[in-house]
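Quick note on labels: first sequence line is chain A, next is B, and so on, each numbered from 1.
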Amino acid sequence: MAKRYDAVVIGGGHNGLVNAAYLARAGLKVLVLERRHLLGGATLTEEIVPGFRFSVFSYVVSLLRPEIIRELQLPKHGLEILPLDGTITPLDDDYLWRVNDHGATVRELRRWSLNDAEAYEEYGPLMAEMGRFIKPILSVPPPDPGRLSPGEWMPLTPLAKRFRNLPKRLQTTFIQLMTMSAADFLDQWFETEPLKATMSASGIIGTFQGPRSPGTAYVLLHHYMGEIDGAFRAWGIPRGGTGAIAYAIAGAALAEGVEIRTEAPVARIRTQGGRATGVVLDSGEEIDAGVVMSSLDSRWTFITLLDDSVLDPAFKAEVLRYKYRGSSGKVNLALDGLPELACKPGKGEWLRGAISFSPSIDYIEHAYDDAKYGQPSARPYIDMIIPTLVDPSMAPPGNHVMSCFIQYAPYHLADGEVWDDAKREAFGQNVIDTIEERFPDIRRHIVGHQFVTPKDIEDITGLSEGNIFQGELSLEQLFFNRPVPGWSRYRTPVRDLWMCGSATHPGGGIMGAPGRISALEYLKEKRKGRRAA
Amino acid sequence: MAKTIDTVVIGAGHNGLIAAASLARAGRRVVVLERAERPGGILRGSQPAPGFRAPGLIHTVGRLRSSVMKDLRLERFGYSTVAPAVRMHAPIPDGSATTFWADAARTAEELRPRSVRDAEAFVGFDQRMRAIASFLAYVQVAIPPDPRSPSLADAIMGLRLGKAFRDLGAKTGREAIRALPMAVADLVQEVFELESVRGPLCTRGVLYTAMGAWATGTAQVLLNDSAGTDGGAAGTAVFARGGTDALADALEAAATARGVQLRTQHDVVAIRTRGDRVQGVTLADGAEVDVPLVVSTADPKRTMRLLDPAEVGPTMHWRGENIRQPGATARVNFALGDLPAFHGGDPERLAGRIVIGPSIDDVERAMDAVKYGRVSEEPVLEATIPSLTDPSLAPEGKHVMSVVFQAAPLRLRGGDWADEREHVGEIAIKTLERYAPGFGELVEACEVVTPLDMEERYALTGGHLYHAELGLDQFFAWRPMLGEARYRFLFDGLYLAGSGAHPGGGITGGPGTNAVRKILKDL
């Protein structure tokens, strides 16, 4: 006799857990099924080297929606976000160091360019204002442009009105952000290369595009929408690593009565008459569900977990042509001491924030060129943090963890080659060589390492092609085209099978918005259904 | 200048002549002021050697709106076209080639021996491109909506656009919205498996732009190129009989027949304004023409620079200077002793566009050069041999060949165009030699038009043939800038009617025609 739940959520990543918590809050009996022994998906902290806790994949947080923190009372369940202060861009014999202290940053920029210092004063507030304008989009389900009936566009009407009421300068900026390359956009404002490069880098994180690729300015904004306690553009790390977020959300879910099972991989989604009725685990166990919520990407959900006969071939073709193309890797290092920057020796404050390997736009663009033709970047862009400076609990006393986000590392290699152990090792050593150019003493301090290629991301987390956003954040895959054109509203062609992960609007990052909006949409539909009955 | 004039058109390119003729027909008394010796703008060709007549900067005319031809009765003024059965012939390094015919089924049949999958996909892809392009054709004739109107959504819906969009059906509608912002490489890669099909199709998405095949929005360049024409997937190959000069002559004749006055070697150096209104223009010799209506077909940046910066205001000036006009195209014209022997190319296959861009990576690599400010050593080329369809353009038995060369960015890092000119010719010959062995020996003369020439000789700021880059950031309601896309440009009575305005560049007549419609509505 199969067990029965009102809802079964596939995947115990942050979105799956958020979704489960919201459903349970509304009184549903919910079960979360996680394949691995740990919760978190890509929001994962794991002790890879004894004594050192690595945030294996995602490593900073800023996009987590404040309403989720509030409504699920995450601080009560142990969530504490420690702010990261500033970004330093090391160069050959100089550096650019921006901090959250506005005055100090402007003084630093004056050292480089008076124009840029002045422009910076305008740029920040403008982007913050843009972020405020665009943010409501993150909380509405997208319309279906294929129908274009007024009803479909209703949720957008307030947005259109707000757009109209914006000053023209902001309207222009909005359109530029949606369409321009990060480099072109920033060129309008700034002339200092390391400044432009470092800013543009946030436009390319997780995408398979370069800073000169049109459309990357949008991702700049995506990152500006981050907030911690209402402060825009603030980044932080959770105490205990990003995995702590997953466990805080899990705590909230458990408190709402959610059941969570780890090491319970789902083999397939069971359907009957075009309707999802439950799931079958690898073990053969069957679980009945009123609704199946998948927080996996659409390839996993539809191609791997569903019987082929259930899907309309045209829909299946849409799913198959969706683009993943992971472009990034991670290198996590266990260090027995703090390394020093060649361009700014010492162990000061500048190591407490982000350390960005982005000396010029050309540097990043060259890195992208390598990836375009199927090679890991010879000299990659690295976004590095040393979380132990903010949260010493992540390593034994006096020791440190260095977390390096690496771009580009293409999932698809040239000439049909595939990632293997030798390639992973070469990739990791090349990253360490790159780090050594800025931190000459790095090798002396390394006591353990973890090299993560996009293939590893796929194998460990199940993210197709290692795409950290469950599908590229390119313009044609956003909003109403996410995760499949025509199916942007969390529903799928299979009744009672819903999507709730980063694959859906508004997309990836540790945001939690897809998990929340999908749960609220489902509950709304359920109420409607009950009333109709 | 005659007192009776009430309208000045700046520039006697195709858009200027079309706008002037249409305004004259509506009763305006129009003078066209042209800086060059002859009217025609980028349609004016050259003579690479005695007896050889090469086309202007754009060598095919398939995109010229049929309504323009009809309204201006261009046929009466001697204009006619010829369209060969072949659209595009794309040789590849292994010695074979892909030919794209006007008849998509024929293209598909020729693909079958190499890839059944691509053969089966081609006709469907062609139809999909046509369906989306037919919607874009509506967009192209629309005057972009005003962002300040009661509701942006209403405005878009109110246009015939809304209906056109709904008529597409939900599926194609979604497909259009998905395809427009795509990279052309993605658009073709998800359908075809042969690089020799993908590469040539990709060249259409980067033509005359500074973008690579992986750039977001390049699918839109391809689709716009097919909008309002029967281009489909392969694009058009339509030649003006007598060369593009013949089209310039016909436009000039049509305009003067309507009473338009044409003044060449009249260089406008300033557009004068008072308050919110335009007052007239000032010429290089200091002469002033006072008129209430000035229609500029100069590019948007140049037009803005003709205005008093104090009147334009610092914010608008800053925005205007940030319009992207990154010219990255050179042109090469050859006088050839005989027909070159391209891979798989009997004369019938060479009569359309001959495209060198054998794979996505080749197209992308060629365009990478723009980013680093150098000339591509392995460029993307689009060549035509107009003398195949019109033998009068070259001495008997000989041929004239016109080549679009990408990328050749105006702004070079290290080196300047005085040194690079010859180099471009050499690279073109070397590249063509690879696909047409013996090509070099046929060359009797080689003429290079650099992007710097385009800037200086044709007054194209940035050397961009489309005036403003055809990217998504300069599209429709925000071409060339948001709030200035409805042809009225910065001041009452001043209109932009060149390629920098919606729907953009190419020999279409679209901006000129749309602008006149708006002007007549405003008057």
Side-chain angles (χ1 to χ4, degrees), chain A residues 144-150 153 156-157 160-161 163-164 166 168-169 171-181 183-185 187-189 208-210 212-218 314 317-318 320-323 361-362 365-366 368-369 372-374 414 474-478 480-481 485-486, chain B residues 147-154 157 162 165-166 168-183 185-187 189-191 210-212 214-219 315-316 318-319 321-322 324 326 360-361 364-365 368 370-372 469 471-475 477-478 481-483:
Chain A
D144 179 357
R147 299 218 183 84
L148 261 194
S149 72
W153 289 92
L156 278 190
T157 313
K161 196 176 278 174
F163 180 78
R164 228 165 42 235
L166 281 180
K168 198 186 284 165
R169 224 164 67 97
Q171 290 182 343
T172 303
T173 308
F174 173 71
I175 284 169
Q176 290 187 334
L177 282 168
M178 294 306 292
T179 53
M180 270 181 133
S181 76
D184 282 332
F185 182 77
D187 267 343
Q188 301 179 104
W189 295 83
F208 200 94
Q209 309 218 282
R212 291 208 176 86
S213 306
T216 46
Y218 166 76
E318 294 271 16
L320 285 175
R321 74 178 178 183
Y322 208 70
K323 290 177 314 209
I361 298 252
D362 274 5
E365 194 65 37
H366 279 301
Y368 171 56
D369 285 347
K372 272 194 310 198
Y373 306 116
S474 51
L475 271 181
E476 79 272 18
Q477 300 201 149
L478 285 177
F480 34 63
N481 286 336
Chain B
R148 285 158 302 184
S149 78
S151 147
L152 188 61
D154 286 353
M157 294 288 287
F165 189 80
R166 279 194 306 268
L168 282 180
K171 193 160 176 301
T172 315
R174 280 192 207 108
E175 187 55 31
I177 290 213
R178 193 184 79 96
L180 284 175
M182 276 174 84
D186 275 321
L187 187 76
Q189 192 181 50
E190 64 184 26
V191 177
M211 296 184 278
W214 287 111
T216 295
T218 43
T315 304
M316 189 53 83
W318 177 79
R319 288 180 59 201
E321 286 297 320
N322 278 322
R324 293 190 311 110
I360 293 178
D361 279 359
E364 181 70 23
R365 275 210 183 85
D368 276 347
V370 179
K371 300 188 297 195
Y372 308 111
E469 179 74 321
L472 285 178
D473 55 329
Q474 300 181 150
F475 180 71
W478 42 93
M481 294 188 268
L482 189 76

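- Once rounded to the nearest 0.5 Å, the distance linking CZ of B:Arg319 with CD of A:Gln176 reads 7.5 Å.
- Checked by atom type and distance alone, the side chain of A:Ser213 never pairs as donor or acceptor with a backbone atom of B:Ala215 at under 3.5 Å.
- Considering only heavy atoms from C-beta on, A:Phe174 stays 4.5 Å or farther from B:Trp478 through its side chain.
- With hydrogens and angles left out, the side-chain atoms of A:Tyr373 and B:Asp368 include a donor and acceptor closer than 3.5 Å.
- Interface residue B:Arg365: backbone and side-chain heavy atoms are both found under 4.5 Å from chain A.
- For A:Gln477, no part sits under 4.5 Å from any heavy atom of chain B, backbone or side chain.
- Only the side chain of A:Arg212 comes within less than 4.5 Å of a heavy atom in chain B; its backbone stays farther off.
- Counting heavy atoms from C-beta on, the side chains of A:Met178 and B:Asp473 never come closer than 4.5 Å.
- Heavy atoms of A:Thr172 lying under 4.5 Å from chain B belong to its backbone as well as its side chain.
- Annotation: the span from A:Gln209 atom CD to B:Trp214 atom CH2 amounts to 10.0 Å, rounded to 0.5 Å.
- Ring-plane geometry between A:His366 and B:Tyr372 is classed as parallel, the angle between the planes falling under 30 degrees on a 0 to 90 degree scale with a further cut at 60.
- For B:Met211, the part sitting under 4.5 Å from any heavy atom of chain A is the side chain, from C-beta outward, and nothing else.
- Taking a cutoff of 4.0 Å between a charged side-chain nitrogen and a carboxylate oxygen, A:Asp369 and B:Lys371 qualify as a salt bridge.
- Using a 4.5 Å cut-off between heavy atoms, B:Gln189 contacts chain A through its side chain alone, with no backbone atom that close.
- Using a 4.5 Å cut-off between heavy atoms, B:Glu321 does not touch chain A at all.
- If you take CZ on A:Arg169 and OG1 on B:Thr315, they are separated by 6.5 Å, rounding to the nearest 0.5 Å.
- In this structure, the separation between NZ on A:Lys168 and CG on B:Leu482 is 7.0 Å, given to the nearest 0.5 Å.
- Using a 4.5 Å cut-off between heavy atoms, B:Glu190 contacts chain A through its side chain alone, with no backbone atom that close.
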List the steps and the verdict of side-chain contact (heavy atoms from CB on, under 4.5 Å) for A:Glu476 and B:Ile177. CA-CA 8 Å; A:Glu476 79 272 18; B:Ile177 290 213; over 6 Å; no
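- To the nearest 0.5 angstrom, B:Gln474 atom CD is 6.5 Å from A:Met180 atom CE.
- When every heavy atom of A:Lys323 is checked against every heavy atom of B:Asp186, the shortest pair comes out as NZ-OD2, 2.9 Å.
- For the atom pair CD1 (A:Ile175) and CE (B:Met481), the distance works out to 13.0 Å, reported to the nearest 0.5 Å.
- Heavy-atom distances place no part of B:Thr218 under 4.5 Å from chain A, backbone and side chain included.
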